2 protein chains.
Amino acid sequence: MARPLRHPTRDQMELPVVLDCLSDPIRLAIVYHLAQHERGGTELCCGDFNELSGKSNLAYHFAKLRDSGLMQTRIVGTNRLMKLRREDMDARFPGLIDAVIKSAARDAGRLQLLPECEIADAD
Amino acid sequence: MARPLRHPTRDQMELPVVLDCLSDPIRLAIVYHLAQHERGGTELCCGDFNELSGKSNLAYHFAKLRDSGLMQTRIVGTNRLMKLRREDMDARFPGLIDAVIKSAARDAGRLQLLPECEIADAD
DNA sequence: CCCTTTGTTCAATGTTTGTTGAACAATTGA
DNA sequence: TCAATTGTTCAACAAACATTGAACAAAGGG
């Protein structure tokens, strides 16, 4: 479980790739919850998203999110701790993440951001 | 050439659908150019985008943009005049279009927004 | 009335995508 | 050392997507 885990640099991030990442409901839900935990610097691990889909499918989406530059993963023991790359995103695509997260929050009902919300207790 | 041309209402617009629309390079280029011509209320017709792809492929992308709510089309003679649904988008997803357009503008080079730019003379 | 212009629709194609389960890899704890 | 936990990788599959050319439809100009 110790692979390179390559993350793109800021200027390797591409707008269409990022938008495509955010356009998938599962990935949007992941990003949304990462965003809800970024104040405080909390990192989430893969298991925190198990309500969204199966493990292998989540791994697939995590990889896309990492490749796009939206999130960063670091390995701690058998866990992957993940967080939004907020500063890089804001530098590269100013206002984008904020607009997406806010719109997602307003639509939290119709976008089923979590079937059984057990993460959103951290507030 | 006189079909219903259904446009979604504001609350029929879905965030993932809009983001998916914007994630395609051709559609992003279309939206970008519509945005460049919105001040002044200029409308563009299909032919203005012929450099981007073939006609039937463009018709496909136009339909997706219409269905998502990003743009409005009205029929005038044999032409389709198109414009961004800026107010509706801003009401439904505040800040999103601005952030996307600004990022696209900054990346105008790497996103090939138009092979031969003949539209961008209108300024 | 015919021909041109403008743009859509349809069918066909190849590619990409999301999803699944099974197998695998690495770390932790007993 | 053995088993459990955590998560990835692989192969397989169906569904969705972008692209193309040919056929079609509507309006305008001679």
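Worth saying up front: this structure is predicted, and the values here are computed from it rather than measured. Each chain gets a letter, A, B and so on, in the order its sequence line appears, and its residues count up from 1.
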Atom [atom1] of [X] and atom [atom2] of [N]: how far apart are they, to the nearest Å?
| X | N | atom1 | atom2 | value |
| --- | --- | --- | --- | --- |
| Phe62(B) | dT6(C) | CZ | P | 13 Å |
| Leu65(A) | dT8(D) | CG | C1' | 16 Å |
| Tyr60(A) | dT19(C) | OH | C1' | 9 Å |
| Arg80(B) | dG7(C) | CZ | C1' | 6 Å |
| Leu44(A) | dT6(D) | CG | C1' | 15 Å |
| Leu52(A) | dG7(D) | CG | P | 14 Å |
| His61(B) | dG7(C) | NE2 | P | 16 Å |
| Asn57(B) | dG14(C) | CG | C1' | 14 Å |

> For residues 15-27 of chain B, which residues have at least one heavy atom under 4.0 Å from DNA chain D?
Replying inline: Asp24(B), Ile26(B), Arg27(B)
I'd like to check [X] versus [Y] (side-chain heavy atoms, cut-off strictly below 4.5 Å). Are they in contact?
| X | Y | answer |
| --- | --- | --- |
| Pro16(A) | Leu111(B) | yes |
| Ser103(B) | Pro94(A) | yes |
| Leu70(A) | Met89(A) | yes |

>> I need the Arg66(A) CZ to Leu5(A) CG distance, nearest 0.5 Å.
In response: 5.0 Å
> Taking OP1 and OP2 of dT20(C), is either one under 4.0 Å from a side-chain nitrogen or oxygen of Ser53(A)?
Replying inline: yes
> OP1 or OP2 of dT5(D) less than 4.0 angstrom from a side-chain nitrogen or oxygen of Asn79(A), does that happen here?
Replying inline: no
> Do NZ/NE/NH1/NH2 and the carboxylate oxygens of Asp90(A) and Arg10(A) come within less than 4.0 Å?
Replying inline: no
> Is the closest basic N to carboxylate O distance between Asp48(B) and Arg80(B) below 4.0 Å?
Replying inline: no
> Of Asn50(B) and Ser56(A), whose nearest nucleotide on DNA chain C comes first from the 5' end?
Replying inline: Asn50(B)
Please list, one pair per line, the donor and acceptor atoms closer than 3.5 Å that link side chains of residues 18-27 of chain B to other protein atoms, with sequence neighbours excluded.
unit_1   : atom_1 : unit_2   : atom_2 : d
Ser23(B) : OG     : Asp20(B) : O      : 2.8
Asp24(B) : OD1    : Ile26(B) : N      : 2.9
Asp24(B) : OD1    : Arg27(B) : N      : 3.1
Arg27(B) : NE     : Cys21(B) : O      : 2.9
Arg27(B) : NH1    : His61(B) : ND1    : 3.1
Arg27(B) : NH2    : Asp20(B) : O      : 3.3

> Which nucleotide, dG7(C), dT19(C), dT6(D), lies nearest any side-chain atom of Lys55(A)?
Replying inline: dT6(D)
> Given dT8(D), dT20(C), dG7(D), which nucleotide is nearest the side-chain atoms of Cys45(A)?
Replying inline: dG7(D)
